[in-house]
Student: 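Let me begin by handing over the structure; questions about it come next.
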Amino acid sequence: MMDKVRVRFAPSPTGGLHLGGVRTVLFNYLFAKKHGGKFILRIEDTDQNRFVEGAEKYILDCLDWCGFKPDESPVAGGPYAPYRQSERKPMYREYAERLVKEGYAYYAFDTSAELDAKRKEINNFQYGHAHRMDMKNSISLPEDEVQRLLAAETPYVIRIKIPEGETISFIDLIRGEVSFEAGLSDDKVLLKADGMPTYHLAVVVDDYLMKITHAFRGEEWLPSAPVHLLLWRYLGWEDDMPKWVHLPLILKPDGHGKLSKRDGARLGFPVYAMSWTDPATGEVTPGFRELGFMPEAFINMLAMLGWNDGTENELFSIEELIDKFSLDRVSKAGAKFDFEKAKWYSAEWIKKTAAKQLAPAVNEVFKKNGITAEPIKLLAVIDMIKDRCTVMTDFVQQAGYFFKIPSEYDLNSVKPKWTEQKEEFFHSFSEILLGSAALTSAELEAQFKELAQEKSLKVGDVMLPYRIMLVGGKYGPAVFDITKVLGEKEAILRIGIALELFRA
RNA sequence: GGUCCAUUCGUCUAGGGGUAAGGACGUUAGAUUUUCAUUCUAGAAACAGGGGUUCGAUUCCCCUAUGGACUACCA
């Protein structure tokens, strides 16, 4: 039978976590949970030049927000620690040297300046079978020269020797059989001059050592898959090679190409899971969390970008996703990201979630906006208005006035038609309010209408002003329901305040 | 340029040799709500093109076109 499923998410900690990255985690996670396997987080920090302060912590926080708890990770530890590639540095050299010894790889002494010159000189230069012999490496150079360079501690890299005329094919769980002509790839660097492995070596070595059974990654990796395959073979581990799963890309909504954080800024929507502050520039890139997406909605939306369960259902909890998930229902083509649809998922999740569940998050956005809400009243208010919120932050505008006198009034909608007669009406209505605590909102509404008639006013001509007095704008649930939640005293107070403004 | 991958409404997609090509988002029109949103009803909207195979192709095959990814001592 198949070994226990082990999958890993292996991000490079260089900045914010992109939508596509989260979807890769999601599919990893769903697959692992579905099959009772382990989900591992491995940090691929082999590029010391791209080290970014705080990026790893940020990734951990993102996973946490989404609810993906890794079974093994740099912080949780695990049987295959360490889970940070920089801390595994010595292991990689051993395997690289082994490949050299066995003739599958070689030392290359070319400086980056020499490489650049070569690229300039030869169009579409590739460091491979065609030009290998023209370069400075342990294949082209005589043995004693190689030894001399090594002894002199000349900086070198180790490159894989890609064979010519060999076809590499493998099964991708989403695409089926894929094949490549190996010789078309160049001799990829496996070990850099600083002794760190490149992705190519590290991913193979670590996937092997960590007993990964299924390797999920973005489709952009497809072209380098043959290099990895060769590595698995040369290292003698082919039987342990994970199954490959290359996920379709998430594309820009307009035009074409991979979705990038630039597109978010340009088109006005988030691309990162949570907002990310670049420590170098202080630049803040907004995230779905800060915009007010519930993690459930974010995950649900991501899952549907490239997967469906074959029915017409589009709303799934994480448990349902785990239950229904299957790789053969993942589509092959890239999907353009649609922010409108994303917002729809958000609204649906807010609608279907109970007030009690929503309350903590609502409190949080309230706090950020200087609103304090009494718990009992908050629950009633959430139930009343959650249907009108698209994202959690909408609660500030849609529910804030229940707890705070409006800070702005839509005066343009009342002032032009304001009359003394109307003012008079509200004075009388305040009197009614004074003794209406026992009335239902329907009864109160009846009184309001009756009074309007008495004063020869059209109901509509005073209803809207009344709403604006309480709410500040032309939105919200039925005014008399608002009145009851607010309480008569508060309503009278607000009428008084607004009257001043309307009159002015 | 080369290699690989992909191609059903504007978008996400279902489907699969004979269908009215289904759903959702968005959009349009209407109803409800004396606000706004929700909700409800109805509508417009798609198989990239050309060859095959077949009694019959949107579905299978080939070619073309288009799009994308990759082509670093980055992942």
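Throughout, a chain's letter reflects where its sequence line sits, starting with A, and its residues are numbered from 1.
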Student: Can you name the side-chain hydrogen bond (donor to acceptor under 3.5 Å, both in side chains) partners of A:E220, sequence neighbours left out?
Tutor: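 A:E220 satisfies side-chain hydrogen bond (donor to acceptor under 3.5 Å, both in side chains) with no other residue.
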
Student: Can you measure A:M304 atom CE to B:C12 atom P for me and round it to whole angstrom units?
Tutor: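 Result: 13 Å.
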
Student: When the P atoms of B:C36 and B:A44 are compared, how many Å lie between them, rounded to an integer?
Tutor: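 Each nucleotide's P atom is 28 Å from the other's.
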
Student: Is there a Watson-Crick or G-U wobble partner for B:A65 with both distances under 3.5 Å, and if so, which one is it?
Tutor: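 By the stated definition (distances under 3.5 Å), B:U7 pairs with B:A65.
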
Student: Test the A:K351-A:W349 pair against the cation-pi criterion, namely NZ or CZ under 6.0 angstrom from the six-membered ring centroid and within 45° of the ring axis.
Tutor: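 No, A:K351 does not lie over the aromatic ring of A:W349.
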
Student: Base, sugar-phosphate alone, or nothing: which one does A:G218 contact when heavy atoms must sit under 4.0 Å apart?
Tutor: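 The residue A:G218 makes no contact with any strand.
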
Student: Checking side-chain polar atoms at under 3.5 Å, does A:T311 have a donor or acceptor matched by the opposite partner on A:N313?
Tutor: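 Side-chain D/A pair, A:T311 to A:N313: absent.
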
Student: Considering only the C1' atoms, how many Å lie between B:U58 and B:A48, rounded to the nearest integer?
Tutor: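 After rounding to an integer number of Å, I get 12 Å for this pair.
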
Student: Is B:U71 paired to anything, Watson-Crick or G-U wobble with both distances less than 3.5 Å, and if yes, which nucleotide?
Tutor: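 The base-pairing partner of B:U71, which may sit in any strand shown, is B:G1.
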
Student: Does B:A14 have its OP1 or OP2 closer than 4.0 Å to a side-chain nitrogen or oxygen of A:N308?
Tutor: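 For B:A14, OP1 or OP2 has a side-chain N or O of A:N308 closer than 4.0 Å.
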
Student: Using a cut-off of 4.0 Å on non-hydrogen atoms, how would the nucleic acid contact of A:R217 be classed: base, sugar-phosphate, or nothing?
Tutor: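 Answer is nothing: A:R217 stays at 4.0 Å or more from every strand.
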
Student: Sequence neighbours excluded, which residues qualify as side-chain hydrogen bond (donor to acceptor under 3.5 Å, both in side chains) partners of A:Y83?
Tutor: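 Checked A:Y83 against side-chain hydrogen bond (donor to acceptor under 3.5 Å, both in side chains); matches are A:E72.
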
Student: Could you give the CG-to-P distance, from A:D254 to B:G10, as a whole number of Å?
Tutor: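 A:D254 atom CG is separated from B:G10 atom P by 16 Å.
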
Student: With rounding to the closest Å, how many angstrom separate the P atoms on B:A45 and B:G23?
Tutor: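 Comparing P positions in B:A45 and B:G23 gives a spacing of 14 Å.
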
Student: Where the side chain of A:K422 meets the backbone of A:K417, is there a donor-acceptor pair that is under 3.5 Å apart?
Tutor: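 The answer is yes, because a donor-acceptor pair under 3.5 Å joins these two groups.
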
Student: Quantified in whole Å, what is the C1' atom distance between nucleotide B:U53 and nucleotide B:C62?
Tutor: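 The answer is 11 Å between these two C1' atoms.
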
Student: To the nearest Å, how far apart are A:L305 CG and B:C12 P?
Tutor: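 It is 8 Å, rounded to the nearest whole Å.
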
Student: Using residues 115-130 of chain A as the side-chain source, report each donor-acceptor pair under 3.5 Å to any protein atom, sequence neighbours left out, with the distance given to one decimal.
Tutor:
residue : atom : partner : partner atom : Å
A:Q126  : NE2  : A:L184  : O            : 3.4
A:Y127  : OH   : A:D110  : OD1          : 2.6
A:Y127  : OH   : A:N137  : ND2          : 3.0

Student: Between C1' on B:U11 and NZ on A:K343, what's the gap in Å once rounded to a whole number?
Tutor: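 That distance rounds to 14 Å.
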
Student: Is there a Watson-Crick or G-U wobble partner for B:C55 with both distances under 3.5 Å, and which nucleotide is it?
Tutor: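 Looking at the geometry, B:C55 pairs with B:G18.
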
Student: Could you walk me through whether A:R98 and A:E94 pass the salt bridge (Lys or Arg N to Asp or Glu O under 4.0 Å) test, one step at a time?
Tutor: CA-CA 6 Å; A:R98 192 170 108 197; A:E94 179 196 332; 5.5 Å; no

Student: Between B:G22 atom P and A:D309 atom CG, what is the distance in whole Å?
Tutor: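 Nearest whole value for this atom pair: 19 Å.
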
Student: Using the P atoms only, state how far B:A20 lies from B:G10, rounded to an integer number of Å.
Tutor: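 So the two P atoms sit 22 Å from each other.
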
Student: In B/S/- notation, 5' to 3', how is nucleotides 33-42 of chain B contacted by protein heavy atoms closer than 4.0 Å?
Tutor: -BBBBSS---

Student: Roughly how many Å is it from CG in A:L251 to C1' in B:G68, rounded to a whole number?
Tutor: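 Taking CG of A:L251 and C1' of B:G68, I get 7 Å after rounding.
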
Student: Aromatic contact between A:F27 and A:F325, with the criterion being ring centroids under 6.0 Å apart: yes or no?
Tutor: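 A:F27 vs A:F325: aromatic centres under 6.0 Å.
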
Student: So which protein nitrogen or oxygen atoms get under 3.5 Å of nucleotides 4-8 of chain B's nitrogens or oxygens?
Tutor:
residue : atom : partner : partner atom : Å
B:C5    : O2'  : A:R175  : NH1          : 2.8
B:C5    : O2'  : A:E219  : OE2          : 3.3

Student: Going by side-chain hydrogen bond (donor to acceptor under 3.5 Å, both in side chains), name the residues that satisfy it together with A:E490, two or more places apart in sequence or in a different chain.
Tutor: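 For A:E490, the residues satisfying side-chain hydrogen bond (donor to acceptor under 3.5 Å, both in side chains) (neighbours in sequence not counted) are A:R494.
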
Student: Nearest whole Å is fine: how far is B:G68 C1' from A:H246 NE2?
Tutor: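 After rounding, the gap between these two atoms is 15 Å.
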
Student: Expected output is a numbered-order residue list: members of residues 160-171 of chain A with a heavy atom under 4.0 Å from any atom of RNA chain B. What is it?
Tutor: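 Listed by number, there are none.
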
Student: Hey, would you say the A:F316 and A:W307 ring centroids sit under 6.0 Å apart?
Tutor: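 Yes, ring centres under 6.0 Å apart.
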
Student: Tell me whether A:R88 contacts the main-chain N or O of A:P82 through its side chain, where contact means a donor paired with an acceptor under 3.5 Å.
Tutor: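 Yes, A:R88 side chain to A:P82 backbone: donor-acceptor pair under 3.5 Å.
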
Student: Please tabulate, one pair per line, each protein N/O and nucleotide N/O from nucleotides 71-75 of chain B that are separated by under 3.5 Å, including the distance.
Tutor:
residue : atom : partner : partner atom : Å
B:U71   : O2'  : A:Q126  : NE2          : 3.3
B:C73   : OP2  : A:R159  : NH2          : 3.3
B:C73   : O2   : A:A193  : N            : 2.8
B:C73   : N4   : A:D110  : O            : 3.2
B:C74   : OP2  : A:K192  : NZ           : 3.1
B:C74   : O2'  : A:D47   : OD2          : 3.4
B:C74   : O2'  : A:R50   : NE           : 3.2
B:C74   : O2'  : A:R50   : NH2          : 2.9
B:A75   : OP1  : A:T46   : OG1          : 2.8
B:A75   : OP1  : A:K192  : NZ           : 2.8
B:A75   : OP2  : A:Y199  : N            : 3.2
B:A75   : O3'  : A:E44   : OE1          : 3.0

Student: Does A:E181 have any side-chain hydrogen bond (donor to acceptor under 3.5 Å, both in side chains) partners at least two apart in sequence or in another chain, and if so, which?
Tutor: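 Partners of A:E181 under the side-chain hydrogen bond (donor to acceptor under 3.5 Å, both in side chains) test: none.
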
Student: Given the P atoms of B:G18 and B:A31, what is the spacing between them in whole Å?
Tutor: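 Approximately 42 Å lies between the P atom of B:G18 and that of B:A31.
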
Student: Distance between the P atoms of B:U71 and B:U8, in whole angstroms?
Tutor: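 It comes out at 26 Å once rounded to the nearest Å.
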
Student: For residues 154-163 of chain A, please give each side-chain donor-acceptor pair under 3.5 Å, one per line with the distance, not counting sequence neighbours.
Tutor:
residue : atom : partner : partner atom : Å
A:T154  : OG1  : A:L149  : O            : 2.7
A:Y156  : OH   : A:R93   : NH1          : 3.0
A:R159  : NH1  : A:D187  : O            : 2.8

Student: How many Å lie between CD1 on A:I250 and C1' on B:G68, as a whole number?
Tutor: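 About 14 Å, once rounded to whole Å.
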
Student: Checking A:S224 against A:K188: is there a side-chain donor and acceptor pair closer than 3.5 Å?
Tutor: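 On atom types as modelled, these side chains do not qualify, holding no pair under 3.5 Å.
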
Student: Looking across every strand, which nucleic acid part, if any, lies under 4.0 Å from A:S413 by heavy atom: base, sugar-phosphate, or nothing?
Tutor: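 The residue A:S413 makes no contact with any strand.
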
Student: If we take the P atom in both B:G15 and B:C9, what is their distance in whole Å?
Tutor: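 One P to the other, the span is 15 Å.
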
Student: Could you work out, with ring pair (Phe, Tyr, Trp, His ring centres under 6.0 Å) as the rule, every residue matching A:Y92, not counting sequence neighbours?
Tutor: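 Partners of A:Y92 under the ring pair (Phe, Tyr, Trp, His ring centres under 6.0 Å) test: none.
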
Student: Need to verify one output field. Residue with the more 5' nearest nucleotide on RNA chain B, A:A342 or A:G306?
Tutor: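 Final value for this comparison: A:G306.
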
Student: Partner lookup for B:A42, please. Criteria are Watson-Crick or G-U wobble with both distances under 3.5 angstrom; report none if nothing qualifies.
Tutor: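 With both distances under 3.5 Å, B:A42 matches B:U28.
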
Student: Side chains of residues 464-482 of chain A: which donor-acceptor partners sit under 3.5 Å, not counting sequence neighbours?
Tutor:
residue : atom : partner : partner atom : Å
A:Y466  : OH   : A:T483  : OG1          : 2.9
A:R467  : NH1  : A:Y475  : O            : 2.7
A:R467  : NH1  : A:G476  : O            : 3.3
A:R467  : NH1  : A:P477  : O            : 3.1
A:R467  : NH2  : A:P477  : O            : 2.9
A:D481  : OD1  : A:S441  : OG           : 2.7

